[in-house]
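Worksheet: one structure, shown below.
Letters A, B, ... mirror the listed sequences (proteins, then strands); counts begin at 1.
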Number of protein chains: 2
Amino acid sequence: MSFTDNGKDTATRILDAAEVLFVEHGFEATSLRMITQRAAVNLAAVNYHFGSKEVLFQGVISRRLAPYNQECIEELRQALIDAPHGLSVDSIVAAYLRPAIRLAKDPARGGIIFIRLMSRVFAEPHDSLRDMLPRLYSDVLEAYRAALVKALPHLGSHEVSWRLQFAMGTIFYAFAGNDVARLLSQNNVPGARDPQEIVKHLVPFVVAGLTAPNRPA
Amino acid sequence: MSFTDNGKDTATRILDAAEVLFVEHGFEATSLRMITQRAAVNLAAVNYHFGSKEVLFQGVISRRLAPYNQECIEELRQALIDAPHGLSVDSIVAAYLRPAIRLAKDPARGGIIFIRLMSRVFAEPHDSLRDMLPRLYSDVLEAYRAALVKALPHLGSHEVSWRLQFAMGTIFYAFAGNDVARLLSQNNVPGARDPQEIVKHLVPFVVAGLTAPNRPA
DNA sequence: CCACAAATCAAACGATTGTTTGAAACATAC
DNA sequence: GTATGTTTCAAACAATCGTTTGATTTGTGG
């Protein structure tokens, strides 16, 4: 466990390299040789420290996701303290996105790269994560769902679930960085990759969607 | 070109099998041997008929996408004939989703499987499609963007682009079938996989997002 | 029937994959 | 210094990948 080369040990260097490459090429298209080369470690180090490529992938996710989800729950808890009689939809969405902005600005915790990875994993959960993700995510989803049910009492429980699903999709997709906008011939939207800029336009959209009338004409 | 085994020739059988497998496992994780086995054709048939795995992938996409996009444009054109003075946001969203519902109900054109593939390709465009997708999609996006700009005159052009991007993301994500809802411990939402049911809840959400006030408090 | 092109087939190609091996290098404790 | 356990390393492992080959079968037109 001595810090030889860099300031980081071998396992961490592997995690860092894998994080970037997984988000760039996906799980299958990223080889262990690409990872170990970028991390400047021996090829066998992956299987020595993690056991397999799949476990490495789970390690990349869980290293960041568990603390991040905890932060999301804490953010909502704090907001509820200040407003014990229930939060507005606006406050709920803002609370959910605040940790994302903080994380995006903090390269030490993965920054925008991990957010992109998270979005992609969520949009296309790999087999090796199908059992892990629900366990990691269910607490956060349930907390925010409960807050939304309180904020939208005129909607049925099922309808809130529908809209929460849509809202999550919108948010993940917006952060995934795949740029539907780039397909538009005209107008390169300025700041399309800046998380803070994304959130500025995203919040009104999501809030309006969540608070839409129950059955429009 | 004689129809030997089934009612379909070899190239079509390969396309059908690849379509299902690509949606199920992704591009990299789907081997040619899986495809040819499912299609009940010889392994070499893929390279004989298509040239390479990448070209096959492009073939799977373009076979369905080009006619579908044409249908989306035609749907908007028809709606504009009935309302030459401009469409409501509601009508625009409905027009865009109508071809998707028709396609989802038509297994002969790929049905829900192809819609899922389309959503995933859009969320995570493979390298071999990065040049193809913009060309196939730009016409549709530009047509609907123009309609939205007319329907939302109080918004700037950039803001419309932002919201169109969010709306596309919401729609694709909703159809991708990855079920954020399944992560929720409570309440299995009924009909979560039925396209018609999805659209019923999706339209109000997207319309509200698109028509949100410019700068909420 | 024959000639010619199209399509199918089993088999093998070289390359790359994740993983394992066993020795060498390192660290720590006595 | 010696012993012990941990980590690194070059090399090889079997398996699978996409692709190619060359012979064989099939279909078509004269």
Got a sec, which residues hit side-chain contact (heavy atoms from CB on, under 4.5 Å) with A/L21, two or more places apart in sequence or on another chain? A/H25, A/T30, A/M34, A/I35, A/R38
Residues in salt bridge (Lys or Arg N to Asp or Glu O under 4.0 Å) with A/R64, at least two apart? A/D16, A/E19
Is there a side-chain contact between A/E71 and A/R102 in this structure, where contact means two heavy atoms from C-beta onward sitting under 4.5 Å apart? yes
Any residue of residues 15-38 of chain B with a heavy atom less than 4.0 Å from an atom of DNA chain D: B/T30, B/S31, B/L32, B/R33
Working to the nearest 0.5 angstrom, can you tell me the gap between A/K53 NZ and A/N47 CG? 11.0 Å
Looking at CG of B/D139 and SG of B/C72, how far apart are the two atoms once the value is rounded to the nearest 0.5 Å? 12.0 Å
Within the 4.0 Å heavy-atom criterion, would you say B/A44 contacts the bases, only the backbone, or no part of the nucleic acid? base
Tell me: CD1 of B/I14 to P of C/dA7, nearest whole Å? 12 Å
Calculate the interatomic distance between B/L43 atom CG and D/dT19 atom P; express it in whole Å. 10 Å
Please check if atom CD in A/Q37 has more than 12 non-hydrogen atoms from other residues, nucleotides or ligands closer than 6.0 Å. no
Once you measure the plane-to-plane angle for B/H201 and A/W162, does it fall in the parallel (<30°), tilted (30-60°) or perpendicular (>60°) bin? parallel
Please work out which residues in residues 46-59 of chain A have a non-hydrogen atom less than 4.0 Å from an atom of DNA chain C and list them by number. A/N47, A/S52, A/K53
Please list, chain by chain and in numerical order, all residues satisfying side chain to side chain donor-acceptor pair (under 3.5 Å) with A/S91, sequence neighbours excluded. A/S88
Please determine if a side-chain N or O atom of A/N42 lies less than 4.0 Å away from the OP1 or OP2 oxygen of D/dT7. no
Hey, what bend do you get for the helix from C/dC1-D/dG30 to C/dC30-D/dG1 if you fit axes on five pairs at each end, rounded to 10°? 0°
With ring centroids as reference points, do B/Y173 and A/Y173 lie under 6.0 angstrom apart? no
